[in-house]
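Below is one structure; the comments refer to it alone.
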Amino acid sequence: MNSDRFGIGWRPRLAAGILANLDRIEIVEVIADDYFYAARQERRALRTLGAQTPVTLHGVSLGLASSVPVDSRRLEHMARLCGEIEPAFWSEHLAFVRGGGIEIGHLAAPPRCEATIEGALANLAYAKQIVGVAPQVENVATLIDPPGSDRDEAAWLSAIVRNSESSLLLDLHNLHANAVNFHFDASEFLTRIPTERISTIHLAGGKWIGREGSRRLLDDHLHDVPDPVYELLEDVAFRAPQPLTVILERDGKFPSIESLLDQLDRARHAVARGRERLLQREEAA
Amino acid sequence: MNPFDLPGPEFLLFYLGLSALVIIALVLTRRVAESSSAPQLDLSDPYLIAYLRGGEMETLRVATVSMIDRGLLLATGTQLKTADHASPDSVRKPVERELLIRFKRPDEAKSIFEDSRLRATTKPYDKALKDAALLPNESIVGARWSRLLIALFIISGVGIVKLLVAFSRGRTNVGFLIILIVVAVFFAIKVSFPRLTDSGKAMLADLQELYSGLKDRALFLQGGGATIEPMMLAAVFGIAALESSSFAFTRVLFPRAAVAQQSGYGSSSCGSSCGSSCSSSSCGSSCGGGCGGGCGGCGG
């Protein structure tokens with residue numbers, strides 16, 4: 001339980017704050033795609049960052065959850081980057097991002113059906129073959145219920161994680177947003193997925209959009225982590241005794257680094273509370 | 001063919017080529033010997049980074065600017081004075097404490113460079129960087145000397161032998177050869193002892209790359225000591241990078257340093273994260289790069 005670690009998504013805007021506070025930031029998540037075509041100097045700088053603190057690589061453009069095979073060129077870029085940087089792990093979204101040769105410009109939730117499960121499993125196996133290590137896979141947020149689905153998100157996600165070598169990167173704000181927008185209980189969702197396969201947690205914030213009565217929660221990474229997400233984090237820490245890596249994501253409207261570190265501390269406290277509950281349950285048993 | 005039998009001009013060409021080869025070999029062997037993977041450094045300390053970039057003078061400059069920015073030193077023209085409320089016990093770093101003591105009586109800012117006690121406070125940075133092999137430590141300097149001596153033996157040895165051959169044959173027109181020997185020795189010495197090791201140069205370049213986003217925002221950084229960003233900017237790029245009006249005092253206190261490195265500050269655009277991810281793949285799918293919710297939210 002002592003191996004939980006807490007980190008922040010690397011953004012150039014946050015560089016000074018992150019590098020000056022590595023005593024409070026135990027891991028840094030880098031967007032891998034930003035370095036696929038980067039100059040040698042940029043990649044070497046990333047290695048230097050990796051010498052200061054553990055780094056993870058997070059992909060955003062592979063489009064693993066699709067019946068279309070994953071782009072081998074992008075996988076090769078990922079493999080090369082992983083070889084150079086030697087990250088703690090790498091991860092990618094269970095989303096589709098292109099179809100018929102068209103980039104849709106969004107991490108879209110695929111239809112939750114057998115075809116996309118099989119496609120995702122094939123893509124994950126291929127990703128492991130090329131990169132050498134299977135990625136952690138992340139659940140995505142969606143504003144529409146994917147048409148063509150024949151099962152809910154928990155069942156779809158579980159099928160992929162259980163039948164692959166990938167562990168789960170659970171984005172709790174994505175889960176919260178989906179739960180709010182599609183009226184399901186996020187805590188109950190946690191009981192239906194293989195929590196023992198959760199390795200990493202993403203925390204982020206969002207905003208409400210739309211008119212009164214049809215409002216939806218948008219996961220935009222531009223706002224502070226809301227309270228329900230911390231509650232879900234405590235719940236995960238209670239249900240998943242294995243070491244967790246918790247990453248705070250922020251992509252814009254940057255607050256002070258102190259504010260981000262405070263959110264990270266809140267995450268630490270939430271995990272500690274979950275662990276405490278777990279300990280009490282084990283003692284009682 | 002015995003090169004020492006070559007006639008004057010041909011031998012000069014041969015000697016020029018030989019010297020160039022020896023000097024190139026000297027540089028390459030030093031680079032290979034002194035390059036290693038990046039060490040772990042205390043990147044929370046801007047004074048350490050300033051020392052890496054420019055030695056004790058830079059550390060003192062950045063520390064002075066930091067103290068003024070935090071209101072602990074008061075700048076009037078080119079003079080500095082410790083603020084009435086500032087106590088040496090209120091700061092943690094020796095260089096800061098010594099600055100507060102130094103300017104209890106007003107004095108010129110540039111006097112910091114002549115104060116041996118102030119300069120002594122930077123010694124731990126020197127040691128830390130030498131321990132990390134980013135500055136040449138004793139063993140690196142020893143290796144540099146070894147390589148240089150071999151190079152000098154070849155350069156000067158060949159030259160001297162040719163001089164002796166020339167004299168033995170009654171030739172005295174050896175002026176160009178002597179000049180070439182001196183120039184070759186000069187360059188061999190010059191390339192042998194750069195201030196930073198190859199790892200040190202790489203580390204500094206990497207830090208400048210990692211902080212490139214900060215440099216892009218230099219004009220908008222606020223003073224007042226609220227964040228460490230201005231001091232990290234000054235540490236990594238030099239005080240000339242403090243372009244915002246909050247730091248106009250740097251151009252009065254340290255006019256040369258505040259403009260000397262300006263040529264190094266192009267407005268290299270936001271490079272890595274946002275731009276590339278938004279354009280290279282897909283905006284929405286690359287929220288991590290800072291594209292935000294402009295295309296339906298991140299979802300990731």
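Side chains are part of it too, since the values below use all heavy atoms of this structure and drop only hydrogens, waters and symmetry mates.
- For the atom pair Asp206(B) CG and Glu42(A) CD, the distance stands at 11.0 Å (nearest 0.5 Å).
- For chain A, no part of Met231(B) is nearby; none of its heavy atoms comes within less than 4.5 Å.
- A donor-acceptor contact shorter than 3.5 Å is absent between the side chain of Glu229(B) and the backbone of Leu14(A).
- Under a 3.5 Å cut-off, the side chain of Glu209(B) and the backbone N or O of Ala45(A) do not form any donor-acceptor pair.
- Both the backbone and the side chain of Thr48(A) have a heavy atom closer than 4.5 Å to some heavy atom of chain B.
- Both the backbone and the side chain of Arg13(A) come within contact range of chain B, judged by heavy atoms closer than 4.5 Å.
- Interatomic distance, Ile228(B) CD1 to Asn21(A) CG, rounded to the nearest 0.5 Å: 7.5 Å.
- Contact between Ala205(B) and Arg44(A) at its shortest, heavy atoms only, is CB-NH2, 3.4 Å.
- Summarising the geometry, atom CG belonging to Leu43(B) is positioned 12.0 Å from atom CD1 belonging to Ile18(A); distances are rounded to the nearest 0.5 Å.
- Contact annotation for Pro39(B): only backbone heavy atoms (N, CA, C, O) come within less than 4.5 Å of a heavy atom of chain A.
- Using modelled atom types, one side-chain atom of Gln52(A) and one backbone atom of Leu41(B) make a donor-acceptor pair closer than 3.5 Å.
- The heavy-atom pair separating Ser44(B) from Ala20(A) by the smallest distance is CB-O, 3.2 Å.
- If you measure heavy-atom distances from Leu210(B) to chain A, the contacts under 4.5 Å come from both the backbone and the side chain.
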